[in-house]
Participant: 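Structure in structure tokens, see below.
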Amino acid sequence: MATRQQIDAFWTLKRLAIVGVSRDSKHFSSAIWRELRDRRYDVVPVNPNAPEIDGRRSYARVQDIEPAVDGVVILTPSSATEQVVRDCIEAGVKHIWMHRGAGGGPGAVSPAGVALAESAGIDVIDGQCPFMFLPGTPFFHGIHAFIKKVNRSYPRQGTAG
């Protein structure tokens, strides 16, 4: 499980790729995309089926992005995550966040993807919702964090491993 130190360090990165951002403005991935953009992160959309998202060029793969990104938020189905991790390795990305929301299911988390990333020396946050850790996000994200604290799945302080 990721630690708070890993999560806090991830949010110090300023240039992030959002892999799996949807063209549908009502999709959850679009909400994260907009939130990070509104917070002045330099976010780059990655969606092989969209040449642009909200007027910004979208890339088919992480390794196509120029200049390179500091980190990647993965919002794809878990079945696509291992390939995204391979793309991140090829691109030299050192920080990955595999989203998993409150609705259950794996989200973007893939055990094979986590193992592959870690074996390549990539810092991985697996299974947390980014909204829970951004200051000032809506109230219901705090409820999600509270539930995770109660069931002991909220990241602890300390180092990973």
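It should be emphasised that the depicted structure is a prediction, and the values quoted were computed from it without experimental measurement.
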Participant: Quick one: closest heavy-atom pair of Ala108 and Thr81, and the distance?
Facilitator: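 So the minimum-distance heavy-atom pair works out to O-OG1, 2.5 Å.
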Participant: Are side-chain heavy atoms of Ser78 and Val109 found at a separation under 4.5 Å?
Facilitator: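 No, side chains not in contact.
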Participant: For a quick test of reading the model, state the closest non-hydrogen atom pair linking Pro130 to Val73 and the distance between them.
Facilitator: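 So the minimum-distance heavy-atom pair works out to CG-CG1, 4.3 Å.
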Participant: Over all heavy atoms of both residues, which pair between Val124 and Glu118 is shortest? Give the atoms and the distance, please.
Facilitator: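 Scanning both residues, the minimum pair turns out to be CG2-CG, 4.1 Å.
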Participant: Do side-chain atoms of Arg61 reach the backbone of Val84 as a donor and acceptor pair under 3.5 angstrom?
Facilitator: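 Such a contact is absent between Arg61 side chain and Val84 backbone.
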Participant: Could you measure the distance from the CG atom of Asp42 to the CG atom of Leu13? Nearest 0.5 Å is fine.
Facilitator: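 Between Asp42 CG and Leu13 CG, I get 12.0 Å after rounding to 0.5 Å.
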Participant: Working to the nearest 0.5 angstrom, can you tell me the gap between Phe131 CZ and Glu35 CD?
Facilitator: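 Interatomic distance, Phe131 CZ to Glu35 CD, rounded to 0.5 Å: 5.0 Å.
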Participant: Taking side chain as C-beta onward, heavy atoms only, is Asp123 less than 4.5 Å from Ile96?
Facilitator: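 No, every pair of side-chain atoms sits at 4.5 Å or beyond.
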Participant: Give a yes or no answer on whether the side chain of Arg34 reaches the backbone of Ser25 with a donor-acceptor pair at less than 3.5 Å.
Facilitator: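 It does hold such a pair.
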Participant: Please determine whether a side-chain nitrogen of the Lys or Arg among Asp8 and Arg4 lies less than 4.0 Å from a carboxylate oxygen of the Asp or Glu.
Facilitator: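 A salt bridge is present here (some side-chain N lies under 4.0 Å from a carboxylate O).
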Participant: Side chains of Val21 and Phe28, heavy atoms from C-beta outward: is any pair under 4.5 Å?
Facilitator: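 Side-chain contact under 4.5 Å: no.
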Participant: Minimum heavy-atom separation for Tyr59 to Glu66, with atom names?
Facilitator: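 The pair with the smallest heavy-atom distance is OH-O, 3.9 Å.
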Participant: Sequence neighbours excluded, which residues qualify as side-chain hydrogen bond (donor to acceptor under 3.5 Å, both in side chains) partners of Gln63?
Facilitator: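 side-chain hydrogen bond (donor to acceptor under 3.5 Å, both in side chains) list for Gln63, sorted by chain: Asp87, Glu90.
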Participant: For Val62 versus Val46, what's the shortest heavy-atom pair and its separation?
Facilitator: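 For Val62 versus Val46, the nearest heavy atoms are N-CG1, 4.3 Å.
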Participant: Parallel under 30°, tilted from 30 to 60°, perpendicular over 60°: which one fits the rings of Phe10 and Trp97?
Facilitator: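 Rings of Phe10 and Trp97: perpendicular, over 60°.
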Participant: Is there a side-chain contact between His95 and Asp70, using heavy atoms and a 4.5 Å cut-off?
Facilitator: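 Side-chain contact under 4.5 Å: no.
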Participant: Can any side-chain N or O of Gln83 pair as donor or acceptor with the backbone N or O of Ala80 at less than 3.5 Å?
Facilitator: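 Flag not set: sc Gln83 to bb Ala80 has no pair under 3.5 Å.
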Participant: So do the side chains of Arg56 and Val43 get within less than 4.5 Å of each other, counting heavy atoms only?
Facilitator: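 Contact flag for Arg56/Val43 side chains = yes.
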Participant: Can you get from Leu75 to Val93 by hopping between Ile, Leu, Val, Met, Phe, Trp and Tyr side chains that sit under 4.5 Å apart?
Facilitator: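 No, separate clusters.
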Participant: Can you give me the closest heavy-atom contact between Ile65 and Ala17, atom names plus distance?
Facilitator: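 In terms of heavy atoms, the two residues are closest at CD1-CB, 3.8 Å.
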Participant: Using side-chain heavy atoms (C-beta onward) and a distance below 4.5 Å, is Leu16 in contact with Val69?
Facilitator: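 In short, these two side chains do not touch, never coming nearer than 4.5 Å.
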Participant: Say whether, by atom type as modelled, one donor and one acceptor occur between the side chain of Arg23 and the main chain of Ser30 under 3.5 angstrom.
Facilitator: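 The answer is no, because no donor-acceptor pair under 3.5 Å joins these two groups.
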Participant: Do Cys129 and His99 come within less than 4.5 Å of each other through their side chains, counting heavy atoms only?
Facilitator: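 Sidechains of His99 and Cys129: in contact.
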Participant: Could you check whether any side-chain N or O of Ser58 sits under 3.5 Å from a backbone N or O of Ile53, counting only pairs where one atom can act as donor and the other as acceptor?
Facilitator: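 No, because the side chain of Ser58 does not come within donor-acceptor range (under 3.5 Å) of the backbone of Ile53.
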Participant: Are Met98 and Ile89 co-members of a hydrophobic cluster defined by side-chain heavy atoms under 4.5 Å apart?
Facilitator: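 Shared cluster, yes.
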Participant: If hydrophobic clusters are built from ILVMFWY residues whose side chains come within less than 4.5 Å, do Val114 and Ile125 share one?
Facilitator: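 In one cluster with Val114: Ile125, no.
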Participant: Are any of the side-chain nitrogens in Arg37 or Asp54 under 4.0 Å away from the carboxylate oxygens of its partner?
Facilitator: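 Judged by the 4.0 Å cut-off on N to carboxylate O distance, Arg37 and Asp54 do form a salt bridge.
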Participant: When hydrophobic residues are tied together by side-chain contacts of less than 4.5 Å, even through go-betweens, does Val19 share a cluster with Leu116?
Facilitator: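 Both belong to a single hydrophobic cluster.
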Participant: Do the side chains of Ile32 and Val72 join up, straight or via other hydrophobic residues, at under 4.5 Å, putting them in one cluster?
Facilitator: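 As far as the 4.5 Å side-chain criterion goes, Val72 and Ile32 are not connected within one cluster.
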Participant: Taking the side chain as every heavy atom from C-beta outward, state whether Arg57 and Val44 have any pair of such atoms under 4.5 Å apart.
Facilitator: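 Not touching, per the 4.5 Å side-chain cut-off.
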